[in-house]
Structure formats: structure tokens, C-alpha cells
Amino acid sequence: MVMDTDLRARQQSVRVLVLLDALARAGLVPTPAPALHELAYLANVLSPVFDLTPFDAKLLKRATGPYYPELQLAIDRLVGRGLVDAMKVEYRYLAEDKRYRVLAQYRLRRPLVRAALERHGQVFAQEAQFLHELAAAYSVLSDDKLGHAAVQDARYADISVDVSEVIDFGEYDNPAKNFSRNAAMTFAAGRRLEPAERLYLYLDHLNTRVAHG
Amino acid sequence: MAHFPLLEQMIVEHYGLYPGKDGQGRFEIPFREGLTLILGANGLGKTTLITMLFRMLTGTGDIPLPQGRIGSVDLSVQNLDRWSQRQFANRVNDGAQNASAQLSFQLGAKRFQVTRRLRDLALTTFIIDGEAADTEELTFRNAIAAAAELGSFGDWILVLRTLVFYFEDRRALVWDPGAQKQLLRALLLSPTLAQEWTRRERLILELDSRMRNLDNALKREKRESAKIDQKSTSAPGVRQALAAAQTHLDKLQERHATLVERLDLTDRMRHRARLDALRAEAEQDRALRELERARLLTIDAHLPHADESIRFILARLMSDATCLVCGTEDVAARRQSLEQALEARHCVICDSLIEMSMPADVTEITDARLQTLKAAYDASVVQAADQTRERDEANAAHLATSAELAACAQERDEVDQKVRDLQAQLPPDQRRVTDQQRRLDAANELVIDMRARLKVARTEFGEFLGGHRAHIAQFADAIKAKFGEAANGFLFEDSQLSWSPTRMQVGQAGADGVEPVEYPAFAVDLTGSDFAGLKRRGDPEEVSESQREFIDLAFRMALVHVAAPSSAASLVIDAPESSLDAVFVERAATVLGLFAKTGNHGTNRLVVTSNLGSGTLVPRLLQEINAPGDPMAPVVDLFHAGVPTRAMVTWKEEYAALWTHLLKAVHSDDDSEPEPEDERDYKSGDDDGHGH
């Protein structure tokens with residue numbers, strides 16, 4: 001089914017606000033653009049741990065890590081509307097991806113978005129909880145690893161998907177190919193873990209993988 | 001890892017097409033390090049010669065490769081039929097009674113010498129490392145497969161036919177997923193694993209074939225049974241309804257099978273359309289950010305004290321004419337007024353003149369670079385919108401087919417149940433009916449059992465393949481890099497090879513809930529004059545003929561290089577210039593020369609056939625190789641080793657002129673002038689048939 005583009009754009013805007021809010025609560029503020037895209041990716045790939053449907057179950061693989069053009073446009077719009085501050089706006093050429101990437105840092109103008117976020121938290125309580133737990137787990141990464149961890153993620157690092165090919169974890173292909181979710185669900189076999197604990201364990205595992213290359 | 005044949009020498013004796021030096025019936029073809037150029041004219045036997053070379057390596061065995069894509073063909077070796085064994089005998093008037101050919105070649109650490117009768121390809125001598133071996137064909141096959149470190153002799157023929165020899169039929173490798181999966185299996189897995197893969201796959205295909213045959217037979221029997229029931233005179237109303245229901249069921253089953261095939265096609269199309277759409281979106285983003293960055297640099301220079309967010313908003317408005325503040329798109333007039341204000345160094349908010357010292361190297365708004373970036377961005381917007389529409393349409397088509405299939409399956413099941421109900425209403429008479437039903441039930445159970453076994457075998461094969469696909473993927477970067485060297489040396493467009501496993505169901509029976517397996521495969525991406533960025537070319541029809549051939553050659557070169565890291569290799573190409581226009585010749589010579597001048601642990605052998613005067617590739621290639629001492633040394637001259645054709649007699653002077661022209665062209669970069677003896681007589685052979 002073809003989604004209405006305006007609706008999709010509005011959903012993306014809300015998604016950005018909620019992600020920035022979660023990151024801010026986890027102490028990651030202002031948020032570097034790569035970290036925001038990375039968290040968006042991790043939220044997609046790990047949402048089944050909370051029995052949630054991924055917001056977007058596919059993306060084009062890039063050598064330097066997850067990047068959603070649509071998400072970046074949503075951030076730009078929010079900056080324009082004054083709901084998000086952009087700081088240290090710079091463009092860096094990434095040789096591996098053969099393109100410039102915006103490396104700004106973003107911060108919510110909280111007084112302007114507080115009411116919207118509270119309303120979202122009431123209506124989509126489980127999603128909000130998931131994102132807060134995920135951002136908190138994500139905050140264990142040191143600053144130099146923020147935005148560079150997802151390349152070690154189980155699904156992202158799958159060598160059967162080349163750079164410039166599509167990583168699919170449930171849009172057209174079988175959701176069983178969501179190796180990140182599968183990995184998160186295998187921790188502490190035989191023991192019952194809360195979904196949030198699985199997020200922490202998975203991000204801890206990711207942290208270790210990044211540390212060891 | 002595998003080894004490819006490193007050709008050393010072939011000697012053809014007493015074969016009517018090649019009387020050789022002084023017409024004594026001995027024709028020697030030394031395969032030099034680097035290039036061997038078999039030069040002739042139409043009818044002189046160039047293709048026959050390289051076919052002979054091929055048959056010396058395959059003997060009387062062959063694999064039944066179809067004309068187009070090889071699909072799931074059985075690679076078991078079959079003996080050539082009598083006609084094919086006599087293919088060389090049939091070309092000469094004495095039936096090649098006393099003719100023979102002897103080929104010497106290396107394969108890894110082993111050196112082989114093979115002699116065959118040309119009248120029937122029978123093996124007459126077989127020497128391995130100087131020791132005479134048994135001349136049984138099976139001994140030959142086993143020894144060759146073992147030395148090549150391949151799992152079977154069938155794999156050896158596959159490697160020769162799809163990789164080493166590039167015949168005139170131009171069998172595509174990079175665009176044939178079936179050929180790719182078989183080659184990657186054969187070359188990059190151990191012989192034992194490669195064989196185990198084949199064994200498991202063949203088991204599934206055989207089970208699939210048996211199950212489908214039995215299922216079809218069962219359906220036929222059911223129809224026959226229904227017809228007999230209809231002929232009976234009792235319960236005429238029920239029988240009439242049964243006949244109608246059975247006809248309806250037959251049609252639904254046909255339709256179901258068609259829809260299953262269509263669903264597979266629409267799924268592949270939507271995957272491809274999605275890839276194109278995501279790449280187009282990425283390309284649009286790339287173009288936007290590059291333009292935006294350039295705009296921001298300008299704005300930073302003009303308005304250094306403005307808030308960062310404001311500068312960013314202005315940069316965007318001046319990039320894609322979108323106002324981020326209110327979300328309005330296409331505010332081109334405002335963009336123009338902003339550009340004018342900045343150019344005049346006025347504040348964009350209050351229009352006051354800005355009193356400031358400007359850095360000397362400020363990027364001005366009207367820079368040609370900005371205009372170029374803007375044009376690139378505009379093109380990327382059009383492409384992204386088009387690809388997004390394509391993606392949505394492809395996805396909609398798939399979902400519609402899926403819904404149609406579900407409805408068809410439901411209706412089929414309902415009609416099937418109706419047929420059963422009607423059959424149950426018939427008088428339960430006759431022993432015949434009972435016996436018939438019993439047999440049908442038994443066959444039905446067998447089909448169900450086979451279907452279940454097929455499902456298990458497919459699942460297990462998918463898991464088996466997963467691990468080994470990952471092993472093969474480890475070579476992907478090296479293959480891609482080598483492909484890039486060769487392809488980008490030839491093509492004017494940017495190109496890249498992508499690791500892109502293909503999803504295929506093993507066998508033709510319905511998936512039955514089993515995911516298609518993912519076979520290892522590469523795909524080709526190419527930029528185009530009307531595309532922004534790289535675009536997947538999933539079919540040879542999506543590139544030009546010359547691009548097609550050299551992309552395939554680049555892929556072959558890359559595979560050869562990576563799959564045999566410890567030995568040099570040979571490539572045999574029939575008439576590479578046939579698809580090239582003059583512009584590509586220079587690059588083609590460079591790329592072919594690159595292969596001929598390099599190699600793993602030695603220098604590769606490139607064997608090329610060509611017609612005299614067919615273009616500039618031959619002289620360019622000879623110049624590129626620049627053989628020490630004599631640039632013409634790589635030439636095997638069929639004009640003197642072969643039997644003159646009527647055209648050669650009639651057009652003797654024209655051929656002589658072509659030869660002189662070739663010599664001049666080859667020596668044009670060389671200090672030495674062509675020697676007088678290089679002037680040729682094309683009517684009678686007076687040369688040894690190779691080199692100078």
C-alpha cells in the first residue's frame with residue numbers, strides 16, 4: 001500500500017522528536033547527527049524485542065553506517081520550524097560513501113515540544129518506553145563510538161548484504177532475517193529477561209564488538 | 001583453490017585444414033607467455049582451432065549446457081554422441097583418418113601432454129609429468145579434475161565453457177545467476193564441499209521432478225476417473241454437476257500455477273524497483289547536501305554573524321527552493337531575491353548594506369559550480385520521483401498478484417471439496433470405483449509424503465548453503481576490486497560489482513512455506529548518461545553490446561585472478577573486436593593487455609582470434625604487449641598454416657595490402673621498420689605458420 005507522503009513526513013517528524021527526547025533523557029545532548037541516525041536504525045531493528053513493528057524495516061547499506069535521507073529531511077524541517085536547534089553545522093566528505101554528510105548537532109527546544117511529547121508518551125506508551133530504554137542502553141557507548149557502533153550490528157554487518165544493497169529485516173523479506181533481534185533474544189538462554197534487559201545486553205555486546213574492531 | 005590450464009603448445013598433424021609449414025602436415029601453435037594471436041580470414045579455421053583446443057581439454061565428455069541461462073542443469077558428464085566426436089573429421093575430406101592433435105599444458109603443479117585422434121577424439125597418449133598414463137578416458141578425467149582441484153570433471157568442463165573460453169556465442173556469465181552459483185561453488189569451495197553441494201541439490205531436484213510427475217499423473221487419473229463416473233447412467237444430475245466442477249477445478253489449478261510463477265516474478269521486480277528507488281533517494285540526498293554545503297559556504301561568508309540555524313535555513317531555501325520554516329516548496333522567486341540580496345551584500349532580513357570586509361576567496365552565488373550542482377540536484381529529483389513511483393507500482397502489482405493467488409487458492413480448495421462431495425454422492429457401487437479410489441488414495445499419500453520430504457530437504461539445503469555462502473562471500477571484496485580494475489579500464493561509465501545473493505527456489509514445485517535459498521551471486525552496477533549515480537543492470541539488454549562483452553570479460557578476469565591465487569591462467573577469446581567501435585579499441589587493448597602481462601606466480605596466457613583487417617584492435621594489442629625482439633612474435637598466421645580460401649586467391653593483393661598495413665601499424669611505435677620478407681604471398685603457404 002502506498003503511504004500518503006504528507007502523513008509519512010509527519011510521522012518522520014514525530015519520530016525525530018521522540019528520538020531526540022529519548023537521547024536527551026539519556027544524557028546524549030546535543031546529539032550528533034550520526035548518533036541520531038544510528039539510534040533510529042537500532043530502534044528499527046530492535047523494536048521486535050518489545051513486540052513492536054519496526055518504523056522502517058529496510059535501508060540502503062552504507063559503508064560508514066546507517067543513514068536515512070528521509071529522516072535527515074525531517075530534522076531539517078524541524079530546525080526550520082524552530083522546534084530543534086542545529087549547532088556546529090558542518091559538512092564532511094566521507095570518502096567511503098563518496099558523498100558529503102551533515103554532521104550538525106541537534107537539541108530540542110523543549111518548551112515548544114513538551115506538550116507534544118507528553119501526548120505522544122500517553123498514546124504510544126510502549127513505543128516511548130522502548131525508545132527511552134534503548135537510548136539509555138545506547139548511552140553506555142563512549143562519545144567516540146556514538147554513530148560508529150551500528151556497523152558492528154548483527155544485521156548491519158551481515159556480509160551477505162553488500163554496500164549499496166538493501167538491508168531488509170521484514171519489509172519484503174522474512175523477519176526471521178532480523179539477526180539483531182535474534183541475537184538480543186538469545187542472551188541468558190533459559191532465563192526470563194525483561195525486554196529492556198535484552199536491550200542493555202545487546203548494546204553492551206555491541207560496545208564490546210566496536211571496542212575490538 | 002582451483003587451477004586453470006596454462007597452455008603451452010598444440011601440435012596438429014595431418015589435418016586437412018592446417019597443412020602447416022611447407023604443406024607437410026605439421027602445424028605447431030606455441031602458446032606464449034602473454035599473448036597468442038591467431039590471425040586469419042573467414043573460412044581459415046580460427047574457430048575450429050580454438051574448438052579443437054577446447055576439445056583437447058574436455059576429451060569425449062561434455063555437459064549439456066542450454067543455449068541461454070544454465071538454470072539448474074545437471075553437470076554430470078555425458079559422452080559426446082558419435083556426430084560430435086567426429087566434428088573435426090566432418091570438416092575435412094579424408095575424415096581426418098590420420099590426423100591427431102597434441103596439447104601440452106600445466107595445471108597447478110602438474111604438466112600434462114594429451115594426444116587425441118581427430119577422427120573420433122580418442123585419447124592415444126596421456127602423459128603426466130613425463131610419465132605415460134593409462135589412456136582410458138576416465139583416467140584422464142580423474143587426473144585433470146584432481147590437478148585442477150575441482151570436485152568433478154563436470155565442473156572442469158563448466159569452468160572451461162563459462163570462464164576460460166569465450167566463444168562466439170558469447171555465453172554471459174555475470175548475467176547468468178545459475179552459471180555464477182555453479183562457478184563460485186566449483187572454484188571457491190573445497191572439492192569435497194563442492195561435490196556435497198551438488199549432491200544435495202541434485203537430490204532435491206530429482207525428488208522435485210518425481211513428485212511433480214507423480215502429482216501430474218495423479219491429477220490425470222482423477223480426471224479419467226471422473227470421466228468414467230460421468231459416463232455412468234445413474235444419478236445423471238450429480239454426474240453433470242461433477243463434470244462441470246472438475247472442469248472448473250482444472251482451470252483453477254492451471255491458473256494457480258500461472259499465478260505462482262507470476263508472484264515470483266513480481267517479487268523480483270519489486271525488490272529491484274526498491275533498490276533503484278533507495279539508490280535514487282540516496283543520490284538525491286547526495287546532490288542536495290553537496291549543493292547545500294556550497295550554498296552554506298557562501299552564506300557563511302556573507303552573513304557570518306547570523307544564527308547557525310538561520311544560515312542553514314537560508315542555505316536550504318537557496319538549494320531546493322524549500323522553506324524549512326513554513327514547509328512551503330518551490331519558492332523560486334524568494335530564492336532569486338535572496339541570491340540578489342546576498343550578491344549585492346545586503347542583509348536578507350532588513351535589506352541594509354552589510355559593512356564588512358569580505359574574504360578574498362568567497363564562493364559567489366553565480367559560480368558555475370553552483371549551477372552545475374543545481375542541475376545535478378534537479379536531475380536527481382526527477383529520477384528519485386520516477387523510481388519511487390516505479391517502486392510503488394511494482395509493490396502494488398506484487399500485492400495484487402498475491403491477493404489474486406490467495407483468492408484463487410481459496411476458490412480451488414472450495415471447488416476441490418465440491419468435487420469430493422459430488423463424488424461421495426455417486427452410487428457406491430462398483431468394485432472398479434473402490435479399487436480406483438484406493439489406488440488414487442495411495443498415490444495421493446505418496447505425493448503428500450514426497451512433498452513433505454522435499455520441504456525438509458529444501459530447508460536443510462538452505463541451511464547448508466548459508467554457511468558456505470558466507471565462505472564464498474569472503475572472496476567478494478577481492479573479486480570486486482579486480483573487476484573494478486578491468487571494467488573501469490574499459491568503460492567510460494563508472495561501474496562496480498556488488499555482492500548480491502539471488503533468491504531461488506530449488507526445483508519447480510511450489511514453495512510450500514519454505515523460503516527460497518540464497519545462492520551466491522554478483523550483480524553489475526553502472527552509471528549512465530541519463531542516470532544520477534550507479535544503477536543496477538540486471539539484464540544484458542540493459543547495457544550496450546560492447547559494454548556487455550567487456551563487463552563479462554572483466555568478471556571472468558577477476559574470478560580467474562582470485563580463484564587461482566597460486567598459478568597463472570589462460571583465457572581464450574574468439575574475435576573480441578566484433579562488438580567494438582573505434583573509441584573502445586584503445587581501452588580494450590589496455591584491458592586485455594593487463595591480463596596478458598600479469599598473472600599469479602607467472603604470466604597469464606591470452607589466446608585471441610581475429611581476422612586480418614578487421615579493425616585496429618589487433619595492432620593495438622600487439623603494440624600493448626610489445627613482445628621483446630619482434631612485436632609480431634605473438635601472431636599465429638593461419639594464412640600460411642591453413643588452406644587458402646577462394647577469397648584469398650581472388651583478393652590476394654588486397655590481403656597483402658592488409659598485412660602490410662598491419663605491419664606498419666604495429667611498428668609505428670617501434671624503431672625498426674618492417675623487414676622485406678614481411679611482404680606476404682597469400683596464394684601459397686611458405687611459412688612455418690607462426691611467429692616471424
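Per chain, numbering begins at 1; letters A, B, ... match sequence-line order.
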Under a 4.5 Å heavy-atom cut-off, does chain A meet the side chain of B/L317, its backbone, both or neither? neither
Backbone N/O of B/S498 and side chain of A/E165: donor-acceptor pair under 3.5 Å: no
Taking side chain as C-beta onward, heavy atoms only, is B/L278 less than 4.5 Å from A/L59? no
Name the region of B/I472, side chain, backbone, both or neither, that has any atom closer than 4.5 Å to a heavy atom of chain A. neither
Among B/R311, B/R536, B/Q496, residue most engaged with chain A (heavy-atom pairs, under 4.5 Å): B/R536
Atom OH of A/Y172 and atom CG of B/D267: how far apart are they, to the nearest 0.5 Å? 9.0 Å
Pick one of side chain, backbone, both or neither for B/R270, based on which atoms fall under 4.5 Å of a heavy atom in chain A. both
Do you know which of B/K480, B/R469, B/Q284 has the most heavy-atom pairs under 4.5 Å to chain A? B/K480
The reported gap from CG in A/D85 to CZ in B/F312 (rounded to nearest 0.5 angstrom) is 12.5 Å
Please answer whether the main-chain N or O of B/A282 pairs with a side-chain N or O of A/R99 as donor and acceptor at a distance below 3.5 Å. yes
Interface moiety of A/V102 toward chain B, non-hydrogen atoms closer than 4.5 Å: side chain
Calculate, to the nearest 0.5 Å, the distance between atoms CG and CG belonging to A/L73 and B/D285 respectively. 6.5 Å
Can a salt bridge be assigned to the pair B/R274 and A/E171 using a cut-off of 4.0 Å between side-chain N and carboxylate O? yes
Report the distance from atom CZ of A/R81 to atom CD1 of B/I313, rounding to the nearest 0.5 Å. 12.0 Å
Contact origin within A/Q72 toward chain B - heavy atom pairs under 4.5 Å: both
CZ of A/R101 to CZ of B/R289, rounded to nearest 0.5 Å, is 10.5 Å
Measuring heavy-atom distances to chain A, does B/E518 have an atom under 4.5 Å in its side chain, in its backbone, in both, or in neither? side chain
Can you tell which part of B/R316 gets under 4.5 Å to a heavy atom of chain A, answering side chain, backbone, both or neither? side chain
Side chains of A/D168 and B/H271, donor plus acceptor under 3.5 Å: no
So which part of A/Y93 gets closer than 4.5 Å to some heavy atom of chain B, the side chain, the backbone, both or neither? neither
Less than 6.0 angstrom from the centroid, inside 45 degrees of the normal: does B/R286 satisfy that with respect to the ring of A/Y100? no
What closest approach, in Å, do B/A473 and A/I159 show between heavy atoms, and which atom pair accounts for it? CB-CD1, 3.7 Å
Rounded to the nearest 0.5 angstrom, the CG-OG distance for A/D162 and B/S500 is 8.0 Å
